[in-house]
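The next block holds one structure in the form of structure tokens; read it before the comments.
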Amino acid sequence: MICILALAIACSTGCQRSPRDNGFEPAEPSRSATNETRGTAIRLQDVSSEWGLDWTYRNGEESGHASILESIGGGAAWLDYDGDGQPDALLSGGGHYGPGPQVRGLPPALWRQSAGRLHDASRSAGLLDNTYHYNHGIAVADYDEDGFPDVLITGYGGLTLLHNEGDGTFREVTTSAGLLDPSWSCGAAWGDLNGDGCLDLFVVHYVDWSFQNHPIWPGPQPGQREICPPRSFLGLTDRCWLSDQSGGFLDHTPDAGLEPEGKGLGVFLADVDLDGDLDAYVANDGVPNFLYRNDGQGHLVNIALSSGVSMGELGNADGSMGVDLGDFDNDGLPDIWVANYQNEAFALYRNLGLDLFRHESRVLGIAGLGGLNVGWGTGFMDLDLDGDEDLFANNGHVMRYPLEAPVRQKPLVLENDSGQRFVNVASQAGSYTSSPQMARGLAAGDPDHDGDVDLLIVHTNEPAALLRNETPTGHHWLTIRLVGTRGPREAIGARVRLKTAGRTQYRQRKGGGSFASTSDPRLMFGLGDEQLVEQLEIIWPAGHVQLLKNLPADQHLTLIEPGT
């Protein structure tokens, strides 16, 4: 059932109140650090062949250069590029070398969905007509407000902006849009940073590698050459562009207040402090992470250190890759999740309010997973539709010859136990999750429209995977697509509170997140056994409140922001 609603009850004070002051005060969760194996209903089935998906990201390692460029990998995205209501898949291509010390890109691949299968539409969509940089990430958004999602591709040597022409094709407009950026980029996020109603762009940069700065790093055995680690290179400053409100962008970096020389891989834009504007969180590789508080005009101040989200549990800078924002304990305060490097606990920072967070991976059982994982694409998602957000993380090593950990690694499927602890159930969730992978990007979505979360995963030099969620719980669900009218159509920064008889849940429409990927823009809620949503509250980015009541479960809602 698909229902389009545009009902509103304006509330002049609602968007100013504390998320804890909402009439649904949660109980304080207990603190359990156990992480033993237990039974789970979560089942994820690899249906790549069934759906016709056949795509492999290439990193060029066959040339023997052993460059850090090869270690990063690629991303994926869900987008309805042709407006037929069916999510389509887009995957980055990677690149290769030569002739000589040259870096060249491979085109991304667009897979159009039709009748429950994916068909390669790269040529018909015009993607093969362009020359690409060695590419990693995909950031999708309708930046020009014409109703069709556009695509930004990040990578080594520059950005590529593909404008959706609305006729099933894309046109490359990078230079005309003003997005000239020769630095090595990976993560990117769209969002309205200065409150003018148009989408802006935040791009994170990695390190200053080039063939002129390509140290030889010996492997553990004579004659082996290892990939040189990021500590051997200087970091690069991230960049920020503001929309010029006519389809182009102006470089805002000198005035944005960005920290110099990060080593950024992941980023999201969201309203972290719940003050009505978009903040930014950047995952850096081996140097402190950044949390930028926005003043509402696009001026950013890094508060990561004072907020407790810049470092790992022991006060060291982690090698951070994938990131996401969610609310694992359903207290109305958004928490931050970071997938990290080997011998570092993946970080779950609990939001305490007032710009303060606490590293709680050990308390919640996450640190007990061991130190072998190297994490990439990741995210909060309610895999079993029971009303709390679980966590999924892809893993795979960056080194060719790691001494302590395997190159191929199993993913993490962390089932949320009512906000009290997380239990890794990957070994029971299916043949894919119980097997080691060489995974990188992750895009979550619902391509089969059955209300649960499916996963699109990119591997390095191995075929991509589509995991269909076949969890047999019988639980109910609700998905919500938000369409802005007073602000950007994407409604990034909108906050949603959903109340059933049993619990209250919170979600945000985010920009960026995961690693080098873009998930389905719909907000997806599991309702457990509840068949009725008693109240649904949307705080739109412009600040007003929309309130809906008594909504039946098991439907896809499209909510249009009420006009003036």
Side-chain angles (χ1 to χ4, degrees), residues 74-83 88-95 104-112 121-194 196-205 238-253 267 269 484 488-490 492 511-512 516-518 521:
W78 290 112
L79 72 166
D80 181 10
Y81 82 100
D82 53 1
D88 310 300
L90 182 64
L91 300 99
S92 57
R104 300 185 181 276
L106 295 170
L110 178 65
W111 292 80
R112 180 178 181 271
S122 306
R123 185 172 300 280
S124 62
L127 295 188
L128 304 186
D129 298 337
N130 304 308
T131 299
Y132 296 91
H133 303 287
Y134 189 118
N135 53 92
H136 302 298
I138 302 174
V140 176
D142 180 12
Y143 75 88
D144 61 347
E145 303 282 306
D146 65 355
F148 293 94
D150 309 298
V151 174
L152 180 84
I153 298 176
T154 66
Y156 182 85
L159 304 172
T160 302
L161 182 62
L162 301 174
H163 179 263
N164 191 330
E165 299 290 276
D167 59 359
T169 68
F170 290 86
R171 177 170 54 92
E172 194 270 317
V173 296
T174 314
T175 301
S176 61
L179 294 180
L180 302 179
D181 179 19
S183 296
W184 184 4
S185 59
C186 186
W190 296 96
D192 181 7
L193 289 169
N194 61 351
D196 66 352
C198 298
L199 287 181
D200 310 309
L201 181 63
F202 194 110
V203 174
V204 298
H205 290 150
D238 303 325
R239 294 187 73 174
C240 176
W241 289 267
L242 298 182
S243 170
D244 66 5
Q245 303 186 29
S246 60
F249 297 90
L250 303 173
D251 191 352
H252 181 58
T253 307
V267 61
L269 297 181
R489 288 176 57 91
E490 298 287 346
I492 294 169
S517 300
T518 301

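Under the rule for a side chain to side chain donor-acceptor pair (under 3.5 Å), the partners of Ser246 that lie at least two apart in sequence or sit in another chain are Asp244. Considering only residues two or more places apart in sequence or on other chains, Asp129 meets the side chain to side chain donor-acceptor pair (under 3.5 Å) condition with none of them. For Thr169, the side chain to side chain donor-acceptor pair (under 3.5 Å) criterion is met by Asp167, not counting sequence neighbours. Checked against ring pair (Phe, Tyr, Trp, His ring centres under 6.0 Å), Tyr156 has the following partners two or more places apart in sequence or in another chain: Trp184, Trp209. Under the rule for a side chain to side chain donor-acceptor pair (under 3.5 Å), Asp88 has no partner lying at least two apart in sequence or in another chain. In terms of the salt bridge (charged side-chain N to carboxylate O under 4.0 Å, His left out) criterion, residue partners of Asp82 (sequence neighbours excluded) are, by chain and number, Arg112. For Trp190, the ring pair (Phe, Tyr, Trp, His ring centres under 6.0 Å) criterion is met by Tyr143, Phe249, not counting sequence neighbours. Residues forming a side chain to side chain contact (heavy atoms under 4.5 Å, CB included) with Leu128 (at least two apart in sequence, or on another chain): Pro107, Ser122, Arg123. For Pro149, the side chain to side chain contact (heavy atoms under 4.5 Å, CB included) partners at least two apart in sequence or on another chain are Leu79, Val140, Asn164.
Note: Trp241 CH2 to Leu179 CG = 6.0 Å, rounded to the nearest 0.5 Å. To the nearest 0.5 Å, atoms CG (Leu242) and CG (Asp192) are separated by 9.0 Å. Remark: Leu152 CG to Ser185 OG distance equals 7.5 Å, nearest 0.5 Å.
Heavy atoms only, all atoms of each residue included: Thr174 and Leu161 are closest at OG1-N, 2.8 Å. Closest of all the heavy-atom pairs between Leu127 and Ala109 is CD1-C, 4.5 Å. Across every non-hydrogen atom of Trp78 and Ala89, the tightest pair is CZ3-CB, 3.9 Å. What you find for Leu193 and Cys240 is that their closest heavy atoms are CD1-SG, 3.5 Å. The shortest heavy-atom contact between Ala77 and Ile138 is CB-CG2, 3.6 Å. Heavy atoms only, all atoms of each residue included: Pro488 and Leu199 are closest at CB-CD2, 3.7 Å.
With Asn135 contributing its side chain and Gly93 its backbone, the two residues share a donor-acceptor pair below 3.5 Å. Without hydrogens or angle criteria, Ser92 side chain to His136 main chain gives a donor-acceptor distance under 3.5 Å.
Residues Asn130 and Phe170 fail the side-chain proximity criterion, which asks for heavy atoms closer than 4.5 Å.
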> So Leu90 and Tyr81, side-chain contact (heavy atoms from CB on, under 4.5 Å) or not? Walk me through it.
Replying inline: CA-CA 10 Å; Leu90 182 64; Tyr81 82 100; over 6 Å; no
>> With side-chain contact (heavy atoms from CB on, under 4.5 Å) as the criterion, how do Leu159 and Ile153 come out once you've worked through the C-alpha distance, each side chain's angles and the decisive distance to 0.1 Å?
In response: CA-CA 6 Å; Leu159 304 172; Ile153 298 176; over 6 Å; no
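Within the structure, salt bridge (charged side-chain N to carboxylate O under 4.0 Å, His left out) pairs that include any residue of residues 139-157 comprise Asp142-Arg489 (at least two apart or interchain). Among residue pairs with one or both ends in residues 154-164, none qualify as salt bridge (charged side-chain N to carboxylate O under 4.0 Å, His left out); sequence neighbours excluded. Residues in residues 170-186 take part in these salt bridge (charged side-chain N to carboxylate O under 4.0 Å, His left out) pairs, two or more places apart or across chains: Glu165-Arg171, Asp181-Arg239.
Checked options Val267, Val203, Thr253, Val204; the residue passing with Asp238 is Val204 (criterion: side chain to side chain contact (heavy atoms under 4.5 Å, CB included)).
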